[in-house]
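Report on the following structure.
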Amino acid sequence: MKKIFCLVSILLFNLPSFSQQHESEFGSVTQSDIDFKLYQKDTTAKAIVLHEIGDFKFELIGNHVYLIKEYLVKIKILSDKGFEHANIDIPYFHTDERTEKVYDIRGITHNGKQKTGLTQDNIFTVDNGENWSLKRFTLPNIKEGSIIQYTYKVKSPFFFNLDGWDFQSTIPKLYSEFNAKIPGNYFYNRTLIGGIKLDVEETSIKKECFYVGGRYGSADCEVIKYAMKDIPAFSEEEEYMLATSNYMARLDFELAVFHGFDGTKKEYTKTWKDVDTEFKKDRDIGRQLTKNHFSEKNIPQQLLSEGDQLTRAKNIYQFVKDHFTWNGKYGIYKDTRVKEAFNTKKGDVGEINISLINFLKAAGIKVNLMLLATRNRKLPKRVQPVINDFNYVIAKAEIDGKVYLLDATNKSNPFGMLPFRCLNHYGRVMDFKEASYWYEIQPEKRNRVSFWGTANVDPLSGEINGKIREINQGYKAVSKYETLASMSEEEYLDSFERSLSGLYIDEYTFEEKLSDDKKTTQTYDFSIETDHSTGSLYLNPVFMQFFKTNPFLSETRNFPVDFGYPRQYEYNMSFFIPESHEIKERPKDQTIALPENSGIIQFASSASGQKLVVRYTLQLKSTHFQPEFYLNLKKFFEIAVDIERNSLIKIGPKEN
């Protein structure tokens with residue numbers, strides 16, 4: 001199975017260089033560039049791309065054809081917060097046999113008429129993980145108002161996919177242009193991602209640009225030019241979103257067919273039937289799923305036979321979690337070795353979850369491998385298989401007509417719950433007996449944080465003493481377990497007190513009997529000192545705040561909000577005051593609903609005698625909100641933050 005980009009060797013041809021027309025642009029700036037101080041369409045911009053251009057072409061070097069990528073950019077630094085854009089990383093791909101080469105790197109910093117050039121000894125090579133490295137440099141003499149320019153070329157033997165082109169980035173761009181000259185022998189599918197339209201879309205045919213020797217003649221080339229103007233910045237500071245690659249304006253290419261001059265034809269866009277066959281035979285995936293004898297031999301036999309199927313599956317899942325320690329790597333396409341991982345008790349995602357699948361099979365449980373992309377990756381294309389879209393494997397088990405998605409890499413993850421990083425909508429189930437198919441990921445539905453408590457209020461001393469119980473369920477429980485495992489009890493309580501201004505924990509208990517793998521229960525005895533100097537006591541009854549600030553601050557949002565899983569927050573507190581005092585003022589009751597019953601806020605307080613009860617609930621029933629719901633969602637959380645901060649109660653002496 002071809003799991004990385006492929007090298008296609010073809011006969012000799014030559015293409016004229018694209019770069020001469022842009023060479024004169026490097027090193028020059030205009031007076032308008034120098035005078036540019038503020039971008040009126042985004043006055044918060046810390047830097048802006050004034051001009052950006054890329055040229056992609058094919059060249060014969062030696063006996064092989066390479067994809068040559070040339071890049072040129074000019075950036076204006078508008079404030080000291082934009083200095084980071086002078087730090088440049090150029091990624092390049094390599095395997096054991098071949099590598100991309102980054103060369104002809106040049107850079108200049110303009111400060112008025114003064115120019116400072118990048119020296120070659122300030123360019124470094126940095127390892128960036130498996131199969132990737134970086135050319136790293138920083139443009140010199142950066143100041144507020146500097147204009148930086150840099151250019152480079154990449155020679156790549158990996159042209160199964162063109163890299164495509166990122167029109168949008170984290171800073172605005174005045175102009176971004178992509179050019180390519182593609183020989184007719186290559187047919188690429190192309191996709192424009194994001195909601196921004198092209199300002200320039202030109203395509204033409206250049207006759208006989210693809211020359212070969214001997215009897216093969218020549219071929220035509222497609223010449224393309226795509227450009228956008230006034231491209232807004234894409235904010236990576238937004239919360240609750242999937243990978244930016246799903247939404248940033250970008251042009252993607254995928255090689256579908258190569259036609260050789262000798263009449264051969266090679267199709268690169270495969271069907272899922274082709275992929276199923278390749279996966280089944282692959283030494284890193286398919287063949288690792290056939291280690292049945294090893295699995296039966298190396299797992300306690302009672303786990304394979306005792307109890308019903310669900311009991312066996314849960315026990316095996318726990319065994320795998322306890323046996324393995326995840327090394328933090330995903331690694332599903334290279335050097336997956338379940339035997340070695342089992343013996344060392346360490347492994348990557350593929351080794352751990354393929355081991356889980358093998359053990360479940362040995363116990364007679366119907367289970368398949370499922371491919372998915374994590375939330376920090378773009379969603380896999382549904383139209384045709386692109387194997388590099390996937391970076392993760394899990395187990396899909398079916399027991400008594402119910403489906404369980406399993407990942408044994410996290411020690412604190414319960415049976416049937418995927419880690420949050422895996423909640424990326426759908427994956428591909430590799431059913432090797434029949435055919436693979438798409439499967440929707442359904443997150444745990446009951447994810448709740450609840451606080452229930454009572455408090456005695458002494459208006460004369462200003463002291464409040466009480467007890468509160470915190471209950472976390474679902475993903476909230478997993479998060480709490482991970483927090484508790486990462487620090488001592490003293491560190492946890494110190495952190496907890498710091499998050500609650502003015503509240504002190506006097507006693508703490510983790511209630512084991514009221515907790516399980518999907519639920520944590522904790523109780524706190526607490527005390528608060530308030531200001532009572534005026535004779536009346538003003539009290540914010542919402543001690544435990546779920547949202548200290550509104551997570552949605554942008555004026556608009558052009559991509560969806562994705563919470564990953566539904567969630568609910570509950571706060572229920574009873575206050576008791578002495579007979580000498582009474583409730584003078586309390587906040588108004590509120591009920592706020594999101595459109596289509598996708599979320600609700602309810603806040604209410606009630607007084608009866610010397611008892612005051614405050615109830616507050618925030619529930620998000622949906623996990624995914626389209627951009628047209630953004631302003632509703634922003635207002636929704638604005639109200640929630642206001643309730644949690646400003647719901648004041650006034651307690652004063654009774655009037656005779």
Side-chain angles (χ1 to χ4, degrees), residues 26 29-53 71-91 105-119 122-124 126 128 134-152 166-176 194 196 228-245 247-250 376 548-559 561 630 634 637-638 641:
F26 181 74
V29 295
T30 65
Q31 189 61 44
S32 62
D33 294 336
I34 296 172
D35 294 340
F36 194 105
K37 304 295 184 184
L38 183 71
Y39 185 43
Q40 294 296 336
K41 294 185 178 181
D42 183 358
T43 57
T44 65
K46 54 192 177 182
I48 186 169
V49 173
L50 301 174
H51 186 84
E52 176 186 53
I53 192 163
Y71 180 73
L72 171 68
V73 67
K74 179 166 56 176
I75 301 173
K76 178 80 177 221
I77 306 298
L78 298 175
S79 74
D80 56 2
K81 294 181 179 179
F83 288 1
E84 64 189 65
H85 293 281
N87 302 322
I88 312 301
D89 284 338
I90 306 170
I105 300 173
R106 292 175 290 161
I108 297 176
T109 302
H110 302 263
N111 289 301
K113 295 182 179 180
Q114 180 188 8
K115 295 183 181 181
T116 309
L118 172 70
T119 58
N122 284 321
I123 301 172
F124 305 96
V126 180
N128 195 38
L134 302 170
K135 289 293 184 181
R136 175 172 289 172
F137 57 91
T138 298
L139 276 302
N141 199 22
I142 300 300
K143 303 175 183 178
E144 187 173 315
S146 293
I147 298 170
I148 60 174
Q149 289 179 299
Y150 63 92
T151 182
Y152 63 86
D166 294 323
F167 285 105
Q168 197 171 21
S169 73
T170 58
I171 58 175
K173 298 181 180 181
L174 293 184
Y175 184 76
S176 180
I196 303 176
M228 289 184 182
K229 302 174 183 178
D230 294 323
I231 310 162
F234 188 97
S235 175
E236 292 183 323
E237 297 177 358
E238 296 281 358
E239 293 196 49
Y240 303 114
M241 62 184 294
L242 297 180
T244 58
S245 53
Y247 313 119
M248 292 179 75
R250 172 180 169 81
N376 63 342
K548 294 185 181 298
T549 59
N550 189 343
F552 305 109
L553 300 176
S554 298
E555 293 300 318
T556 60
R557 182 156 166 162
N558 298 316
F559 53 92
V561 175
Y630 175 72
K634 180 181 179 181
F637 277 92
E638 181 182 304
V641 170

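For the single chain, residues carry numbers from 1 onward in sequence order. Because the structure is a prediction, the values reported are computed rather than measured.
Every residue two or more places apart in sequence or in another chain was checked for a side-chain hydrogen bond (donor to acceptor under 3.5 Å, both in side chains) with Ser79, and none qualifies. With sequence neighbours excluded, the residues forming a side chain to side chain contact (heavy atoms under 4.5 Å, CB included) with Leu553 are Asn550, listed by chain and number. The ring pair (Phe, Tyr, Trp, His ring centres under 6.0 Å) search around Tyr152 returns Tyr71, not counting sequence neighbours. Listed by chain and number, the residues in a ring pair (Phe, Tyr, Trp, His ring centres under 6.0 Å) with Phe137 are Tyr150 (sequence neighbours excluded). Residues satisfying the ring pair (Phe, Tyr, Trp, His ring centres under 6.0 Å) criterion with Tyr39, sequence neighbours excluded, are absent altogether.
Here CD1 of Ile34 is found 4.5 Å from CD of Gln31. Values are rounded to the nearest 0.5 Å.
Ser32 and Asp35 form no side-chain donor-acceptor contact under 3.5 Å, judged by distance and modelled atom types alone. Between the side chains of Asn87 and Thr138, at least one donor-acceptor pair of N or O atoms lies under 3.5 Å.
In this pair, Phe559 and Tyr247 present their aromatic rings parallel. The plane angle is below 30°, not in the 30 to 60° band.
The number of heavy-atom neighbours closer than 6.0 Å to NZ of Lys548, taken from other residues, nucleotides and ligands shown, is above 12. Within a 6.0 Å sphere centred on CD of Glu555, other residues, nucleotides and ligands contribute 12 heavy atoms or fewer.
Comment: Glu52 does not engage Lys74 in a salt bridge, judged by the lack of any side-chain N to carboxylate O separation of less than 4.0 angstrom.
Sorted by first and then second residue, the salt bridge (charged side-chain N to carboxylate O under 4.0 Å, His left out) pairs with a member in residues 136-146 read Asp89-Arg136; sequence neighbours excluded.
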request  = Applying side chain to side chain contact (heavy atoms under 4.5 Å, CB included), run through Leu78 and Lys46 and close with a yes or a no.
outcome  = CA-CA 5 Å; Leu78 298 175; Lys46 54 192 177 182; 5.7 Å; no

